[in-house]
Engineer: 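Pasting a structure here, questions to come.
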Amino acid sequence: DPISLIITDLSLHGRIDGWHLAETALKRWPQACAIVVSGRLPDFDPLSSRFTQRITTLGKPLTARSLSDALSHLFRKSKNDVCRIQHEP
């Protein structure tokens, strides 16, 4: 099934980092959006220019409000149905 949203930490302490995971998901599922979170966000986001309106970043600590605002921002920017969340009946 297609993915609608991926939320990943920037630092995963393994063989893949959050940028790479988000990039892979955004390439594979053109309708998906991504949120990259970190306690130490860099000044430069390497994916925003390539995946316009489909990715955003959030600093930690996350709050329900900051996550809600990020989701609203992504899906409001994507009125052309770039990012779609499918609801199960």
Side-chain angles (χ1 to χ4, degrees):
D1 289 336
I3 300 294
S4 299
L5 174 68
I6 183 168
I7 300 174
T8 183
D9 195 284
L10 183 60
S11 178
L12 298 176
H13 304 291
R15 298 175 74 182
I16 189 169
D17 65 45
W19 292 129
H20 187 235
L21 182 61
E23 179 182 33
T24 300
L26 293 171
K27 283 180 179 177
R28 182 167 181 186
W29 295 288
Q31 78 288 351
C33 283
I35 299 174
V36 177
V37 299
S38 179
R40 291 184 225 122
L41 285 169
D43 292 333
F44 177 71
D45 171 350
L47 301 179
S48 288
S49 63
R50 292 188 7 233
F51 299 102
T52 306
Q53 301 180 355
R54 296 179 56 208
I55 190 166
T56 193
T57 58
L58 281 177
K60 287 182 183 177
L62 289 180
T63 64
R65 176 65 184 233
S66 65
L67 183 56
S68 174
D69 289 348
L71 289 169
S72 294
H73 176 73
L74 278 175
F75 291 98
R76 183 176 51 248
K77 284 172 63 176
S78 301
K79 287 183 180 178
N80 59 356
D81 279 342
V82 171
C83 300
R84 293 185 297 264
I85 291 182
Q86 298 176 353
H87 299 281
E88 297 291 322

Engineer: Hey, what do you get for CG (Leu41) to OG1 (Thr57), rounding to the nearest 0.5 Å?
Structural biologist: 5.0 Å
Engineer: Identify whether Leu71 and Leu62 are in the same connected component of the hydrophobic contact network (ILVMFWY, side-chain heavy atoms under 4.5 Å).
Structural biologist: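 Same hydrophobic cluster.
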Engineer: With rounding to the nearest 0.5 angstrom, report the CD to OG1 distance, Glu23 to Thr8.
Structural biologist: 12.5 Å
Engineer: Strictly distance-based, threshold 3.5 Å: is any side-chain N or O of Arg54 a donor or acceptor partner for the main-chain N or O of Ala34?
Structural biologist: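 Side chain of Arg54 to backbone of Ala34: no pair is present.
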Engineer: Any side-chain heavy atom of His73 within less than 4.5 Å of one from Gln53?
Structural biologist: no
Engineer: Measure the spacing between CD1 of Ile55 and CG of Leu74 and express it to the nearest 0.5 Å.
Structural biologist: 8.5 Å
Engineer: If you look at every heavy atom in Ala32 and Leu26, which pair is closest and at what distance?
Structural biologist: O-CD2, 3.4 Å
Engineer: Does a side chain donor of either Ser72 or Asp69 reach within less than 3.5 Å of an acceptor in the other side chain?
Structural biologist: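 Looking only at side-chain atoms, Asp69 and Ser72 do not form any donor-acceptor pair under 3.5 Å.
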Engineer: Would you say the side-chain atoms of Ser66 pair up with the backbone N or O of Thr63, donor to acceptor, closer than 3.5 Å?
Structural biologist: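 Confirmed, Ser66 side chain pairs with Thr63 backbone.
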Engineer: Going from CD1 on Ile3 to CH2 on Trp29, what distance comes out if it is rounded to the nearest 0.5 angstrom?
Structural biologist: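 Taking CD1 in Ile3 and CH2 in Trp29, the distance rounds to 4.5 Å.
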Engineer: Which atom names give the shortest non-hydrogen contact between Lys27 and Pro30, and what distance separates them?
Structural biologist: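 Lys27 and Pro30 have their closest heavy atoms at O-CD, 4.5 Å.
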Engineer: Rounded to the nearest 0.5 Å, how far apart are CD1 of Ile6 and SG of Cys33?
Structural biologist: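 Interatomic distance, Ile6 CD1 to Cys33 SG, rounded to 0.5 Å: 11.5 Å.
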Engineer: Do the side chains of Val37 and Ile35 get nearer than 4.5 Å, heavy atoms only?
Structural biologist: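 Counting from C-beta outward, Ile35 and Val37 do come under 4.5 Å.
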Engineer: Side chains of Leu67 and Leu58: does their closest heavy-atom pair fall under 4.5 Å?
Structural biologist: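 The answer is yes; the side chains approach within 4.5 Å.
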Engineer: In Å, rounded to the nearest 0.5 Å, how long is the span from CG of Asp9 to CD1 of Ile7?
Structural biologist: 11.5 Å
Engineer: List, one per line, each side-chain donor-acceptor pair under 3.5 Å for residues 13-21, sequence neighbours excluded.
Structural biologist:
residue : atom : partner : partner atom : Å
His13   : NE2  : Ser11   : OG           : 3.3
Asp17   : OD1  : Trp19   : N            : 2.9
Asp17   : OD1  : His20   : N            : 2.8

